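What follows is a single structure, written as structure tokens, with notes after it.
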Amino acid sequence: MSNLKSVTSDIRLFKPSKSFCDIANINSIILDSLNNEAKMDYPLFWANLAKKHIHWHQPFTKILNEDNPPFFKWFEDGVLNVSYNCLDRHLVNNANKTAIISESDSGIIEKVSYKELYSKVSVFANALKSIGITKGDTVIIYMPHSIEAIVAMQACARIGAIHSVVFGGFSSKALAERVIDANAKIVITTDGQKRGGKIIPLKNEVDIAIDMLPHDNPIQHVIVYKKISYEKLKWDKPRDIWWHELIKNKSDICPVTEVDSEHPLFILYTSGSTGSPKGVQHSSGGYLLGSIMTMQWVFDNKPNDVFWCTADVGWITGHTYVCYGPLAVGATQVVFEGVPTYPAPDRFWQIIQNHKVSVFYTAPTAIRTLIKLGYDLPQKYDLSTLRLLGSVGEPINPEAWLWYYETIGNKSCPIVDTWWQTETGCHMLSPIPGVTNLKAGSCTQAIPGIMIDIIDESGKILGNNDNGYLVITKPFPSQIRTIWNNPKRYEDAYYPKDIGDGKYYIAGDFAHKDKDGYFWILGRVDDVLNVSGHRLGTMEIESALALNPIVAEAAVVGRPHDIKGEAICAFVVCRGERPTGAKAKDIESELREWIGNQIGAIAKPDEIRFGDNLPKTRSGKIMRRLLRSIAKGVEITQDISTLENPASLEQLKQVN
Ligand code: WTA
């Protein structure tokens with residue numbers, strides 16, 4: 001790689017403004033002392049925070065149990081309830097504070113105070129109890145991003161039931177697989193939802209899913225919230241129950257079920273590089289602690305903030321930074337059901353203006369889409385209430401970062417680029433906004449108490465100025481406890497013997513650590529290419545492409561090559577019209593030259609194809625495996641039911 005001019009070496013430091021630092025929760029003195037405490041005794045460090053920030057019904061005396069690694073236990077003899085921590089404890093001082101400002105796809109706004117949310121959750125928890133749901137039962141939630149989805153999740157937590165939220169964009173087949181794996185007793189859904197103006201009949205999908213199951217399937221009931229009065233609803237009595245009928249005459253007081261700290265709070269399925277989706281199992285106490293501390297440290301939570309995380313509750317980001325974190329710290333948050341481009345690509349900016357959002361957390365994909373569709377649109381809106389911006393889900397290319405920083409944040413809001421995973425439960429690498437000097441495109445350093453390094457294949461810990469596997473070297477409270485029903489898969493996938501000798505949590509990402517010890521995520525390990533013996537992060541090439549003014553978005557994958565091992569194939573969306581014919585050829589060679597100049601000749605794509613869109617899941621992740629199949633010219637065999645824009649595939653199959 002020595003002959004490559006790394007994109008990541010283009011470094012300019014962005015310092016937080018004095019006005020931000022003056023009131024930040026964490027200044028450099030506090031950060032140093034947190035880091036020192038964690039370095040000296042990290043279990044004790046977390047234990048002190050857990051005592052201070054969580055309401056325990058019975059305090060813990062044991063901190064970290066490492067008897068059976070990697071099955072770690074935190075605060076195991078402590079007893080708590082997560083819903084109590086999110087709701088009941090705010091009733092004393094903040095009962096009338098707005099907990100949720102919900103905005104529907106069509107613009108209907110509903111505000112709910114902590115007291116009202118507490119009542120809704122209690123009523124629904126009593127309703128669940130009335131149909132026999134008790135501690136340890138599993139419940140599938142297949143609902144749109146909404147107050148009711150949060151109520152359902154919190155109600156499960158309240159009675160010790162374990163929820164598994166399935167994103168509303170997943171197909172009935174995916175839903176059926178999850179119902180079976182989780183052995184769920186009930187499914188909670190809605191008759192349908194409106195998203196981007198389109199009607200999605202969710203309950204129909206549930207019917208189809210249940211039809212796919214064996215006759216002795218575990219489902220006893222389907223609870224249906226009437227959201228859009230969908231007319232073509234099928235009804236299976238007595239299996240199907242209306243939410244509004246079930247909650248009739250239920251008390252709005254529901255004492256919480258006290259659970260052990262290690263009691264599973266939820267399962268969330270996520271894709272691995274192989275096999276069926278994995279049911280990532282999280283704990284109660286440790287997960288809650290991670291959610292709370294990152295709300296305070298990373299999002300610098302303040303009583304008057306209006307927090308908005310755009311992620312759907314169907315993903316981990318929506319679990320930690322919609323359902324649990326903001327409520328646990330008593331924040332006011334926006335919950336928006338729709339998409340950023342409907343009815344027009346100014347929807348986000350409108351919402352920020354209307355609800356006076358101060359902390360805004362979204363994904364690079366959304367940012368890049370909005371750059372493409374409305375570069376100047378934000379200027380029409382008053383975004384002056386913003387004080388902090390966040391990014392999550394994928395590496396953010398420096399160009400998008402700068403636009404976010406300048407156009408949305410008016411050069412005065414720090415950007416917290418947060419690296420984490422479904423499995424880590426909360427942020428792991430992130431700037432601390434009042435302290436860290438930012439570099440566009442880097443998620444900077446580990447938060448206090450999290451020990452992160454990069455290692456080589458032999459397991460050796462690498463220093464600065466190197467690339468390696470990203471690993472977490474010590475257990476941490478918010479981490480995955482196991483894969484539901486499959487502890488061996490948990491061990492094999494995250495603590496593999498062949499990398500790091502089973503000692504470290506292997507994140508599956510490849511990262512660069514620069515001269516200042518800042519981390520740059522280069523992509524998934526399986527997205528790292530090896531071209532003529534040189535390792536190349538697909539992200540590095542994508543970032544370089546995105547720096548070109550004609551490029552709106554790019555994805556890069558490898559395909560087998562007889563001589564070089566792997567060849568690079570780039571899929572590009574241009575600003576404006578999709579080039580074809582001679583024009584496409586010209587732009588292709590221009591971009592190859594560009595990459596040659598940006599990184600080095602070795603990184604020049606062998607092929608560049610153009611489309612109006614890149615294939616993405618509904619959560620906005622580029623479907624790289626699909627692109628790899630297209631690049632290879634092989635038939636697409638993977639499930640494309642969650643694809644947002646299937647039509648884009650045909651264009652990308654065309655060679656210029
Ligand atoms: C990627 C989402 C770069 C990474 C919270 C990780 C990121 C995977 C970032 C987890 C970031 C997430 N910069 N890459 N800030 N955040 N990733 O489980 O590859 O949906 O392993 O969790 O997303 O995705 P997941």
Side-chain angles (χ1 to χ4, degrees), residues 8 165 167 169-170 266-273 277-282 287 290-291 294 298 309-322 324-325 361-368 389-398 400-401 404 415-431 436 438-447 450 452 454 469-472 478-480 483 493-494 505-513 518-528 537-540 542-543 555 616-625 642:
T8 57
V165 182
F167 174 59
F170 275 121
F266 64 85
I267 315 165
L268 184 58
Y269 286 85
T270 187
S271 332
S273 41
K278 302 177 276 193
V280 172
Q281 181 186 318
H282 276 287
Y287 171 80
S291 313
T294 48
V298 176
C309 163
T310 65
D312 190 286
V313 283
W315 309 109
I316 190 66
T317 308
H319 280 58
T320 311
Y321 299 109
V322 178
Y324 292 112
Y361 189 39
T362 195
T365 293
I367 297 166
R368 288 194 291 262
L389 302 173
S391 171
V392 60
E394 54 190 310
I396 178 163
N397 52 301
W401 193 101
Y404 198 28
I415 297 180
V416 286
D417 177 1
T418 59
W419 175 88
W420 59 297
Q421 307 177 297
T422 303
E423 295 87 342
T424 69
C426 69
H427 305 148
M428 297 281 109
L429 289 168
S430 171
T436 314
L438 308 173
K439 297 182 189 182
S442 166
C443 45
T444 73
Q445 289 172 313
I447 63 162
I450 300 297
I452 297 197
I454 50 171
Y469 295 97
L470 193 70
V471 297
I472 308 178
S478 69
Q479 81 178 89
I480 174 176
I483 301 277
Y494 302 106
Y505 171 88
I506 309 287
D509 281 341
F510 206 62
H512 173 72
K513 202 174 168 192
Y518 277 40
F519 289 89
W520 301 75
I521 306 297
L522 299 172
R524 295 290 302 180
V525 169
D526 36 17
D527 285 334
V528 174
T538 49
M539 185 55 212
E540 225 172 348
E542 288 168 6
S543 273
K616 284 179 194 152
T617 62
R618 291 191 190 138
S619 73
K621 279 214 165 35
I622 295 172
M623 296 180 80
R624 285 165 201 287
R625 270 203 280 169
T642 57

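Predicted, not measured: the structure shown is a model, and the values here were computed from it. Atoms within a ligand are numbered from 1 in the order they appear, just like the ligands themselves.
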Mode of [X] contact toward ligand 1 - side chain, backbone, both, neither (heavy atoms, under 4.0 Å):
X: Pro395; value: both
X: Thr418; value: backbone
X: Ile316; value: side chain
X: Gln421; value: both

Exercise for review: Look at atom 10 (C) of ligand 1 and say which protein heavy atom is nearest, naming residue and atom and giving the distance to 0.1 Å.
Suggested key: Trp420 O, 3.6 Å
[X], any N or O under 3.5 Å of ligand 1 N or O:
X: Asp417; value: yes
X: Asp509; value: yes
X: Thr422; value: yes

Return yes if some donor-acceptor pair links the side-chain N/O of [X] with the main-chain N/O of [Y] below 3.5 Å, else return no.
X: Thr320; Y: Thr317; answer: no
X: Thr436; Y: Leu438; answer: no
X: Ser442; Y: Phe519; answer: yes
X: His282; Y: Thr422; answer: yes
X: Tyr518; Y: His512; answer: no
X: Thr294; Y: Val298; answer: no

Point to revise | Close-contact set for ligand 1 against Val392 heavy atoms, below 4.0 Å | key: 5 (C)
Review point. What are the atoms of ligand 1, with element, lying closer than 4.0 Å to any heavy atom of Thr317?
Key: 5 (C)
Exercise for review: May I ask you to check whether Tyr494 and Gln421 show a side-chain donor-acceptor distance below 3.5 Å?
Suggested key: no
Review point. Going by atom types only, do Thr418 and Tyr361 share a side-chain donor-acceptor pair under 3.5 Å?
Key: yes
Check your understanding: Does ligand 1 have any atom sitting under 4.0 Å from a heavy atom of Lys621?
Key -> yes
Check your understanding: Heavy-atom contact under 4.0 Å between Gly393 and ligand 1?
Key -> yes
Review point. So do Ile450 and Ile472 actually touch side chain to side chain, heavy atoms under 4.5 Å?
Key: yes
Review point. Among His427, Glu394, Met428, Met539, whose heavy atom sits nearest atom 9 (C) of ligand 1?
Key: Glu394
